[in-house]
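Below: one structure, written as structure tokens.
Computed from a predicted structure; not experimentally measured.
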Amino acid sequence: MPLFINRDQIFAHQVHLLEHKLRSKEERILELETENAILHLRLADCLVKLRHDHEEETKAMNHHHQHQRQAQNETRAGLTKLLSGVQEVKQDLSEVFGVYVSFAAELEEQSKQLLEKVEQASSSMKGHSGDEVQDLQARVAALERSLEEEKERCRTERQRRQELHNTVVELRGNIRVHCRVRPVLSFDHVQSSTSGSGPASSEEVVYAISDDTVMVNCLKPGMPVQNKMFEFERVHGPEDSQDTVFEEVKPLITSLLDGYNVCIMAYGQTGSGKTHTMMGSHSSDVSSTVEQEAQQGVIPQAAAELFRLISEKPAGSHTVEVSVMEVYNNDVYDLLAKDGQGNQRRDVITTSSGTSQVPSLTHEPVGSASEVMQIISSILKLRAHCPTLVHTESSRSHLIVTLTISSKSPNALALARRLQSAKKDMQRSPQKEWWSPRCRRADLTARYPSDELLASSASSPCPSPCLSPCPSPRPSISQAPFRTKLQLVDLAGSECVGMSGVTGAALWEVSCINRSLSALSDVLGALAEQRPHIPYRNSKLTHLLQDAIGGDAKLLVMLCVSPTQRYVTESLQSLGLGTRARQVQKELPRRKSNTLKVK
Ligand code: ADP
Ligand code: MG
């Protein structure tokens with residue numbers, strides 16, 4: 001068979017094959033192109049990411065570098081500073097070293113000079129003979145010995161002088177006058193004024209120039225200064241503390257247990273320091289308790305001393321009662337009365353034995369000084385106060401605190417006093433029988449309870465014969481308790497009416513005060529002149545204090561004086577009263593001889 005191969009067919013077939021190949025190639029190309037495109041995309045992605053990472057990395061690197069650079073800068077600055085510090089220290093050191101070197105040289109120079117001087121001195125010493133030195137030493141020893149002897153003699157003399165002084169005081173009588181010049185205080189300047197060419201009112205013109213003398217500069221415009229001197233038993237200056245003032249008062253408390261009635265009164269114009277002296281100051285300017293105690297006045301300190309003395313006696317042998325009175329507008333008020341404010345007014349009577357009594361006066365038993373002070377403080381607010389120009393809290397009444405001491409076993413001195421007092425009473429009324437109808441006791445007991453009379457017999461240490469149970473026989477001297485009283489008086493201000501600038505009702509108040517104080521002055525004057533009649537009854541104040549400023553009671557007038565020119569008239573008036581009081585010649589205390597008699 002012939003083989004017929006169509007060439008066209010072959011070609012067609014080949015074409016077909018080629019076409020097929022072409023198509024598959026094209027497909028492959030397409031595939032590859034797609035793949036290429038995908039790879040391009042990925043590449044682009046990668047490139048973007050790569051760039052981003054690179055950027056980040058660059059940024060971090062930059063930051064790190066910046067940080068590093070900053071740290072380097074700081075370190076460099078620190079180092080520079082340190083270096084300059086080191087250089088400064090170096091410089092200082094070199095300066096110090098320079099000073100040290102110059103000092104060392106100076107020291108060496110000085111020690112050299114000193115050595116030379118020592119050598120010179122020792123060589124000059126060698127010039128003196130050993131005898132001379134011994135002689136000198138002996139003379140020094142002798143001088144020291146004689147100095148000691150002189151000191152001893154001086155001590156003895158001082159003691160003797162003190163004893164003589166006490167004797168003089170005793171001889172002078174039972175009235176003693178102390179004076180206290182207070183310091184210039186802030187209110188003296190506040191109220192200060194100058195009138196024309198005259199001296200400034202806050203100028204200090206009153207001085208405590210010694211233990212017993214006060215000097216007042218009397219300044220008058222156009223006149224030379226005139227100095228007035230006043231002498232008292234004791235004068236306290238502005239620097240004297242409350243304790244110093246009380247030290248001088250203390251012996252009177254002992255007298256109280258020796259059978260004497262004692263009265264301590266503060267006299268002076270308002271603002272002169274009477275309440276400060278008698279009660280003390282509890283102002284806000286004193287902070288600590290110690291300071292407050294140091295500010296305690298005569299009343300708390302006297303109460304404390306009294307209870308201290310009693311504590312040395314047999315237990316239960318002494319009892320103390322307190323009563324507080326006020327003399328206001330010439331009326332006596334019992335500030336301890338429980339029966340309301342309206343019914344506190346009391347009478348003052350004179351008993352047949354010549355002593356004054358306040359019937360129905362309240363007596364509160366007390367066991368300690370603090371109890372006394374509690375009672376006084378609680379009622380002090382009742383005191384009549386009225387502001388005046390002188391001192392806004394001025395007291396317009398006399399305050400009298402009385403401590404009555406009853407003793408079951410009085411000491412020998414007190415017994416002697418009782419005996420003496422009884423004798424005096426008998427002499428005073430020799431015709432009177434104990435049971436005589438002339439005895440006024442019946443009268444008195446009808447008006448006042450008997451124990452009241454007995455209690456109030458304190459003013460006369462011995463119960464008066466007329467007060468003994470009548471008509472029973474005369475009681476034994478040692479039977480009834482023995483009573484003495486301590487009266488502590490804060491008087492109202494002694495300024496003149498014009499000075500205080502008061503009018504109306506207050507004028508009456510002031511005139512009552514002035515009258516009572518001039519009655520006090522009159523009583524002292526009458527005693528000084530030894531007049532037969534002493535005008536005690538001219539005022540309630542003197543009537544009430546009759547036993548304390550007459551008889552043989554012991555009275556201490558504490559003159560309180562302001563130091564400034566403004567109050568010089570009042571100060572001179574107070575000092576005048578004190579001088580008058582000192583002239584009182586009273587019967588001499590007869591303690592010593594009586595003690596012997598009793599034994
Ligand atoms: P008075 O009672 O005489 O009117 P005060 O005792 O109230 O006077 O004294 C007036 C003021 O002066 C008070 O504030 C008181 O504390 C003060 N004072 C008085 N005396 C002294 C003194 N010796 N030292 C310090 N202050 C005093
Ligand atoms: Mg006062």
Side-chain angles (χ1 to χ4, degrees), residues 252-264 278-279 296-326 332-341 343-344 346 348 351 355-383 399-411 414 418 445 448-463 467 478-490 544 547-548 553:
L252 287 174
I253 313 300
T254 314
S255 295
L256 197 64
L257 294 188
D258 288 344
Y260 289 97
N261 286 332
V262 173
C263 175
I264 303 166
M278 294 306 285
M279 291 295 298
Q296 284 197 331
V298 168
I299 298 180
Q301 295 212 47
E305 174 65 7
L306 174 65
F307 281 102
R308 190 191 68 75
L309 289 173
I310 288 176
S311 71
E312 290 170 357
K313 309 278 179 205
S317 64
H318 290 73
T319 51
V320 182
E321 287 170 327
V322 65
S323 58
V324 186
M325 283 173 282
E326 177 182 54
V332 177
Y333 294 88
D334 178 358
L335 297 189
L336 285 184
K338 302 268 192 299
D339 47 1
Q341 292 212 3
N343 204 8
Q344 291 176 322
R346 295 286 179 268
V348 185
T351 66
T355 59
S356 57
Q357 309 295 338
V358 179
S360 313
L361 179 66
T362 315
H363 294 264
E364 286 271 352
V366 278
S368 68
S370 57
E371 258 183 74
V372 174
M373 290 322 292
Q374 261 170 18
I375 289 175
I376 297 174
S377 316
S378 68
I379 57 164
L380 263 191
K381 52 182 177 288
L382 291 173
R383 264 193 105 177
L399 179 79
I400 301 157
V401 176
T402 310
L403 295 176
T404 308
I405 299 102
S406 307
S407 164
K408 284 186 198 132
S409 54
N411 63 17
R418 172 178 282 199
T445 43
Y448 307 111
S450 63
D451 66 329
E452 174 62 47
L453 289 173
L454 198 64
S456 53
S457 69
S459 53
S460 168
C462 170
L467 299 179
S478 58
Q479 269 173 12
F482 179 62
R483 292 171 205 266
T484 47
K485 63 185 175 184
L486 169 64
Q487 281 177 312
L488 302 152
V489 188
D490 183 359
L544 194 63
D547 315 331

Kindly give the heavy-atom pair with the smallest separation between [X] and [Y], and that separation in Å.
X	Y	value
S356	D547	N-OD1, 3.2 Å
M279	P300	O-CG, 3.6 Å
V320	I310	CG2-CD1, 3.5 Å
N261	T484	OD1-CA, 3.4 Å

Value rounded to 0.5 Å, distance of [atom1] in [X] from [atom2] in [Y]:
X	Y	atom1	atom2	value
I405	L257	CD1	CG	6.5 Å
L486	E305	CG	CD	11.0 Å
L309	F307	CG	CZ	11.0 Å
Q344	L361	CD	CG	11.0 Å

Is the side chain of [X] donor-acceptor paired with the backbone N or O of [Y] at a distance under 3.5 Å, no angle test?
X	Y	value
S323	H363	no
D490	M278	no
Q487	I264	no
D334	T362	yes
S377	M373	yes
S255	D258	no
R346	S360	yes

As a quick check of understanding, evaluate side chain to side chain contact (heavy atoms under 4.5 Å, CB included) for E326 and V332, giving each step before the final call. CA-CA 6 Å; E326 177 182 54; V332 177; over 6 Å; no

Applying side chain to side chain contact (heavy atoms under 4.5 Å, CB included), run through T254 and L252 and close with a yes or a no. CA-CA 5 Å; T254 314; L252 287 174; over 6 Å; no

Just wondering, do [Y] and [X] contact through their side chains at under 4.5 Å, heavy atoms?
X	Y	answer
V401	I376	yes
L306	L256	yes
V358	M325	yes

I would like to know whether T404 and R483 meet side chain to side chain donor-acceptor pair (under 3.5 Å); could you show each step before the answer? CA-CA 7 Å; T404 308; R483 292 171 205 266; over 6 Å; no

Check the side chains of T355 and Q357 for a donor-acceptor pair under 3.5 angstrom, ignoring hydrogens and angles. yes

Could you walk me through whether V322 and T402 pass the side chain to side chain contact (heavy atoms under 4.5 Å, CB included) check? CA-CA 6 Å; V322 65; T402 310; over 6 Å; no

Going through the checks in order, is the side chain to side chain contact (heavy atoms under 4.5 Å, CB included) test met by E364 and V372? CA-CA 9 Å; E364 286 271 352; V372 174; over 6 Å; no

